[in-house]
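Encoded as structure tokens, the structure appears first; notes follow it.
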Amino acid sequence: MQIKDFKQLREQAGSAKKRTVAVAAAHDPHTLEAVLKAHEEGVLDYLLVGKAQEIIEIGKDLGHEISSDCVVDSDSDEDAAKKAIGLIHSGDADFLQKGILQTATLLKAVVNKETGISQGRPMSHIALLDIPSYHKILGVTDGGMMIYPDLEAKKAIVHNAVEMFRGLGYDKPLVSAVCSVEVVNPKMPETVDAAALKEAALQGEFGACYVEGPISFDLSMSKESARIKKYGSPVVGETDIFLVPNITVGNVLVKAMAEFAGALMAGCVVGAKCPIALNSRSAAFEEKYYSLMACAQMVCK
């Protein structure tokens with residue numbers, strides 16, 4: 001079943017086998033609120049790494065008695081990241097969540113050649129958006145990690161995003177390699193890359209999926225715009241994933257959708273040995289909660 005919105009995401013994650021999240025630097029109210037709510041609903045168990053006493057006190061403030069058996073004390077962000085990753089290695093946890101530490105600190109531990117959980121391929125960030133005016137979940141990638149990806153990096157981004165959407169029930173995800181125009185222009189490298197990605201997809205490089213590019217945003221989202229421009233493609237009005245040319249486009253697009261279109265958001269890093277629920281330290285409880293749901297759904301597949 002294709003998961004069309006965050007309500008269905010929550011239902012599917014809740015109906016699967018319960019998983020365990022390891023939270024790095026868990027001494028944060030918004031992070032703990034999301035984890036404890038998901039636990040209370042029976043979706044997941046947790047192991048909380050960070051300042052133990054603060055974690056327990058925050059739990060009490062939120063109306064929960066957190067057992068010391070579920071808390072791993074740590075005296076620094078670096079130590080918290082390392083210990084959380086160790087819980088993945090030991091099999092005690094199924095996926096990671098970023099708490100109140102910098103993204104760079106967590107990812108440095110993830111890619112550590114000796115103790116990390118990298119698979120030797122590029123990792124990328126995917127923002128999932130539940131937009132009231134759109135009929136299904138929309139992915140945007142990469143607006144969180146890769147700054148100016150080249151063609152090979154974009155191939156990895158497509159691979160990661162397609163893999164994630166298959167975990168959401170999409171047998172053949174539809175990807176729009178979005179540009180400002182829908183024709184190849186050698187002076188606009190992103191259009192050249194988009195055409196190359198389309199060809200790679202047609203040759204089966206990413207498995208079952210369809211990549212369209214270059215294609216403008218309006219054609220990706222509006223069947224009426226495509227009709228007027230006489231533009232035909234399976235992605236028109238049905239795009240599942242937006243592949244953006246650089247981090248700025250992705251970041252602005254996601255924030256604009258949240259601010260002006262009322263989108264709910266979840267953020268995940270994929271491409272490591274397990275998914276990572278990764279949001280800004282200032283992200284609201286809801287964003288962290290739905291990020292947990294997305295990661296739980298991925299490890300259930």
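Throughout, residue positions are numbered sequentially from 1 according to the sequence presented. Please read these numbers as outputs of a predicted model, since none were measured by experiment.
- Judged by the 6.0 Å distance and 45° axis criteria, Lys37 is positioned over the aromatic ring of Tyr289.
- Remark: the Glu212 side chain and the Ser176 side chain contain no N/O donor-acceptor pair separated by less than 3.5 Å.
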Identify every side-chain donor-acceptor pair in residues 27-36 under 3.5 Å, counting partners at least two apart or on other chains, and give the distances.
{"from": "His27", "atom 1": "ND1", "to": "Lys51", "atom 2": "N", "distance (Å)": "3.1"}
{"from": "Asp28", "atom 1": "OD2", "to": "Thr31", "atom 2": "N", "distance (Å)": "2.9"}
{"from": "Asp28", "atom 1": "OD2", "to": "Thr31", "atom 2": "OG1", "distance (Å)": "2.6"}
{"from": "Asp28", "atom 1": "OD2", "to": "Lys288", "atom 2": "NZ", "distance (Å)": "3.1"}
{"from": "His30", "atom 1": "ND1", "to": "Ala283", "atom 2": "O", "distance (Å)": "3.2"}
{"from": "Thr31", "atom 1": "OG1", "to": "Lys288", "atom 2": "NZ", "distance (Å)": "2.9"}

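- There is no path of hydrophobic side-chain contacts, each under 4.5 Å, that joins Leu219 to Ile228.
- Thr20 has its side chain out of reach of Tyr46: every pair of non-hydrogen atoms, C-beta onward, lies at least 4.5 Å apart.
- Using a cutoff of 4.0 Å between basic side-chain nitrogens and carboxylate oxygens, Lys18 and Asp45 are scored as salt-bridged.
- Gln102 CD: 12 or fewer foreign heavy atoms inside a 6.0 Å radius.
- Atom CD1 of residue Ile157 and atom NE2 of residue His159 lie 12.5 Å apart, to the nearest 0.5 angstrom.
- To the nearest 0.5 Å, atoms CD1 (Ile247) and OG1 (Thr141) are separated by 10.0 Å.
- In this structure a side-chain-to-backbone donor-acceptor pair under 3.5 Å is present from Ser220 to Ser216.
- Remark: Thr103 pairs with Lys98 by the side-chain hydrogen bond (donor to acceptor under 3.5 Å, both in side chains) rule, at least two apart or across chains.
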Could you walk me through whether Ile131 and Leu138 pass the side chain to side chain contact (heavy atoms under 4.5 Å, CB included) test, one step at a time?
CA-CA 8 Å; Ile131 307 168; Leu138 185 68; 3.9 Å; yes

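- Two residues are said to be in side-chain contact when any heavy atoms from C-beta on lie closer than 4.5 Å; Leu9 and Asp5 fail this criterion.
- Heavy-atom neighbours of Lys198 NZ from other residues, nucleotides or ligands within 6.0 Å: above the threshold of 12.
- Linking ILVMFWY residues whenever their side-chain heavy atoms come closer than 4.5 Å, directly or via other members, leaves Val244 and Ile215 in distinct clusters.
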Could you please spell out the steps behind the side chain to side chain contact (heavy atoms under 4.5 Å, CB included) verdict for Leu151 and Leu197?
CA-CA 8 Å; Leu151 178 59; Leu197 291 167; 3.9 Å; yes

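- Classified by interplanar angle (parallel below 30°, tilted 30° to 60°, perpendicular above 60°), the ring pair Phe165/Tyr170 is perpendicular.
- Linking ILVMFWY side-chain heavy atoms closer than 4.5 Å, directly or via other members, places Val211 and Val249 in two distinct hydrophobic clusters.
- Side-chain atoms of Ser76 come within 3.5 Å of backbone atoms of Asp79 as a donor-acceptor pair (strictly under, hydrogens ignored).
- For the pair Lys108 and Glu78, the salt-bridge criterion is not met [side-chain N within less than 4.0 Å of a carboxylate O].
- Annotation: side chain of Leu292 is in contact with side chain of Gln97 (closest heavy-atom distance under 4.5 Å).
- Residues Cys179 and Met188 form no side-chain contact, since every pair of their non-hydrogen atoms from C-beta on lies 4.5 Å or further apart.
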For Ser124 and Asn160, run side chain to side chain donor-acceptor pair (under 3.5 Å): C-alpha distance rounded to whole Å, both residues' side-chain angles, the deciding distance at 0.1 Å, then the answer.
CA-CA 7 Å; Ser124 53; Asn160 289 339; 2.9 Å; yes

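- Using a cutoff of 4.0 Å between basic side-chain nitrogens and carboxylate oxygens, Arg121 and Glu163 are scored as salt-bridged.
- Inter-residue side-chain proximity for Asp193 and Glu190 is flagged as unmet; no heavy-atom pair is nearer than 4.5 Å.
- Taking CG from Leu96 and CG from Leu278, the interatomic distance works out to 10.0 Å, rounded to the nearest 0.5 Å.
- Between the side chain of Lys83 and the backbone N or O of Asp73, at least one donor-acceptor pair lies under 3.5 Å.
- Side chain to side chain, Gln12 and Gln8 fail the donor-acceptor criterion of an N or O pair below 3.5 Å.
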Given side chain to side chain contact (heavy atoms under 4.5 Å, CB included), test Val270 with Ile126 step by step and report yes or no.
CA-CA 8 Å; Val270 294; Ile126 302 171; 3.6 Å; yes

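- Within the structure, salt bridge (charged side-chain N to carboxylate O under 4.0 Å, His left out) contacts touching residues 124-135 (residues at least two apart or in different chains) do not occur.
- Between Ile276 and Leu106 the shortest side-chain heavy-atom distance falls below 4.5 Å.
- Within the 4.5 Å cutoff, side-chain heavy atoms of Thr239 are placed close to those of Tyr134.
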Test log, rule side chain to side chain contact (heavy atoms under 4.5 Å, CB included), inputs Val175 and Phe206
CA-CA 11 Å; Val175 183; Phe206 311 119; over 6 Å; no

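- Rounded to the nearest 0.5 Å, atoms CD (Gln53) and CD1 (Ile58) are 10.5 Å apart.
- Here Glu238 pairs with Lys136, Lys223 under the salt bridge (charged side-chain N to carboxylate O under 4.0 Å, His left out) rule; sequence neighbours left out.
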Under 3.5 Å, which donor-acceptor pairs link side chains of residues 250-260 to any protein atom two or more places apart or in another chain?
{"from": "Asn251", "atom 1": "OD1", "to": "Lys255", "atom 2": "NZ", "distance (Å)": "3.2"}

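- In this structure, Arg166 and Asp171 have side chains that are not in contact, with every pair of non-hydrogen atoms separated by 4.5 Å or more.
- Checking Thr105 against Asp77 by side-chain atom types alone, no donor-acceptor pair falls below 3.5 Å.
- More than 12 heavy-atom neighbours from other residues, nucleotides or ligands sit within 6.0 angstrom of CG on Asp150.
- In this structure, Leu48 CG and Leu87 CG are separated by 10.0 Å, a value rounded to the nearest 0.5 Å.
- Both Met298 and Leu128 are members of a single hydrophobic cluster when ILVMFWY side chains are connected at heavy-atom separations under 4.5 Å.
- In this model, a donor atom of one side chain and an acceptor atom of the other lie less than 3.5 Å apart for Asn279 and Ser291.
- Between the Asn112 side chain and the Ser118 main chain, no donor and acceptor come within less than 3.5 Å of each other.
- The cluster map of Ile, Leu, Val, Met, Phe, Trp and Tyr, joined by side-chain heavy atoms under 4.5 Å apart, puts Val71 and Val23 in the same cluster.
- Distance check: Leu47 CG to Leu44 CG gives 10.5 Å after rounding to the nearest 0.5 Å.
- Applying the ring pair (Phe, Tyr, Trp, His ring centres under 6.0 Å) test to pairs two or more places apart or on separate chains, none has a residue in residues 89-131.
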